[in-house]
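Structure first, commentary second.
Everything quoted here is computed from the prediction, not taken from an experiment. Chain letters run A, B, ... following the sequence lines, proteins first, then strands; residues in each count from 1.
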Number of protein chains: 2
Amino acid sequence: MQKETTIINENQAIRLLKQNGLSITDSRKKIVQLFLEQDGALAHGDIEKKAGEKFDRVTVYRTLQVFVDKGIIHTIPTADNSIRYALCKDDCGEGHHHDHHVHFVCDNCGVTYCLDDVVTPEIKLPKGYTAGHVEVVVEGVCKNCKTPFS
Amino acid sequence: MQKETTIINENQAIRLLKQNGLSITDSRKKIVQLFLEQDGALAHGDIEKKAGEKFDRVTVYRTLQVFVDKGIIHTIPTADNSIRYALCKDDCGEGHHHDHHVHFVCDNCGVTYCLDDVVTPEIKLPKGYTAGHVEVVVEGVCKNCKTPFS
DNA sequence: TTATCTTTTGCAACATTGTTGCTTTTTTGC
DNA sequence: GCAAAAAAGCAACAATGTTGCAAAAGATAA
Ligand SMILES: [Mn+2]
Ligand SMILES: [Mn+2]
Ligand SMILES: [Zn+2]
Ligand SMILES: [Zn+2]
């Protein structure tokens, strides 16, 4: 028998897809579920691996693209030139993301977290510059990797 | 006759390379000069183009790597998965970068600027997280693209 | 300046990542 | 179930990045 959480996540995945007017397909269900089961963010490569040999690489690319467009997931810029993706928790939708939170990359375990409660600060820019979106990525040691005596 | 600024930049480039204990080669001189002549940041591809067909792609990759290692240039993370590089203005050196400034990417012209005078803010993290380095990238409209009446 | 040693370059081959057009398969709405 | 629409898979390709190695260029000291 399937584990109960898997079923819950499958239902949740289907709900999320329907909410966004997307048709329900195996790959979309599976990829949304991966995000739901996951604490941190996922890179394209992670998804390919975690989904097994099940889906074509192109399908994964296109699925992620659709999810970003619809405001289901957002991208996280990192220094190592690999885009990570994470679920949008805010009221993002088609054509407008509102993820104004800080991201954290752990030096030790490599996991990327959305710190949903830490909002991006106001940045005072020099004269002539107009700010749109602000991205903040903090690198350091995460709560799971913290040693008791450090 | 060569333009005077070119000569100045060549001397400056040589000085910078010597300072960092690097041997003086055509490609290193040329690439440092490109950075000196440039207001914004450069991506790998920009450098290949601007250097003409002069240098091998591999040489450019390796040169940029050496420059980053030596603290001559630093990388700038961007959302579009393309690493940009810019000269370090601070006291960076081999094995330690100290570029704590904000970066700005113009939506309109695409140029990436180092805002050397805008320092990265302190970020208050949730319990258990320890901050190392903080990266801030602001996206918006730059001083050159600003229209008079906006 | 030349000889020698060391470093860097260019080349070739390869790996990884991302893109596009087209055909087949799946999903949806009836 | 059936037809139309959407998505997936496949193949071919483009772009980007990496590695090993031989040739060339740079540094050093006689
Ligand atoms: Mn996030
Ligand atoms: Mn900078
Ligand atoms: Zn960690
Ligand atoms: Zn601009």
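When the P atom of dA8(D) is taken as reference, atom CD of Gln65(A) falls 14 Å away, rounded to whole Å. The CZ atom of Arg28(A) sits 15 Å away from the P atom of dT26(C) (whole-angstrom rounding). The CZ-P distance, from Phe67(A) to dA7(D), rounds to 11 Å in whole Å. Atom CG of Asp26(B) and atom P of dG10(C) are 9 Å apart (whole Å). Across the protein-nucleic acid pair, Leu64(A) atom CG and dA8(D) atom C1' stand 14 Å apart, rounded to whole Å. Taking atom CD of Glu53(B) as the reference point, atom P of dG10(C) lies 12 Å away to the nearest angstrom. Remark: P of dA6(D) and CG of Leu17(A) are 16 Å apart, rounded to the nearest angstrom.
Residues Glu139(A) and Asp107(A) share a closest heavy-atom pair of OE2-OD2, 2.6 Å. Annotation for Lys30(B) and Lys50(B): closest pair CE-O, 4.3 Å, computed over non-hydrogen atoms. Taking every heavy atom of both residues into account, Cys88(B) and Asp99(B) meet most closely at SG-OD2, 3.5 Å.
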inquiry  = Once pairs are restricted to Watson-Crick or G-U wobble with both distances under 3.5 Å, how does DNA chain D read as a dot-bracket string, [ ] for crossings and | for other-strand pairs?
reply    = ||||||||||||||||||||||||||||||
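With hydrophobic clusters built from ILVMFWY side chains whose heavy atoms lie under 4.5 angstrom apart, Leu34(B) shares a cluster with Val60(B).
When the nearest nucleotides of DNA chain D are assigned to Val66(A) and Thr25(B) by heavy-atom distance, the more 5′-ward of the two goes with Val66(A).
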ask   = What string of B, S and - do you get for nucleotides 9-19 of chain D 5' to 3' if you count protein non-hydrogen atoms under 4.0 Å?
value = BBB----SBBB
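A side chain to side chain contact (heavy atoms under 4.5 Å, CB included) with Leu16(B) is found for exactly one of Asn11(B), Val32(B), Leu22(B), namely Val32(B).
A donor-acceptor pair shorter than 3.5 Å cannot be found between the side chains of Asn144(A) and Tyr129(B). In this structure, a donor-acceptor pair under 3.5 Å is absent between the side chains of Asp56(A) and Tyr61(A). Of the N and O atoms on the side chains of Arg28(B) and Ser23(B), at least one donor lies less than 3.5 Å from an acceptor on the other residue.
Annotation: His98(A) is not in aromatic contact with His133(A) [ring centroid separation under 6.0 Å not met].
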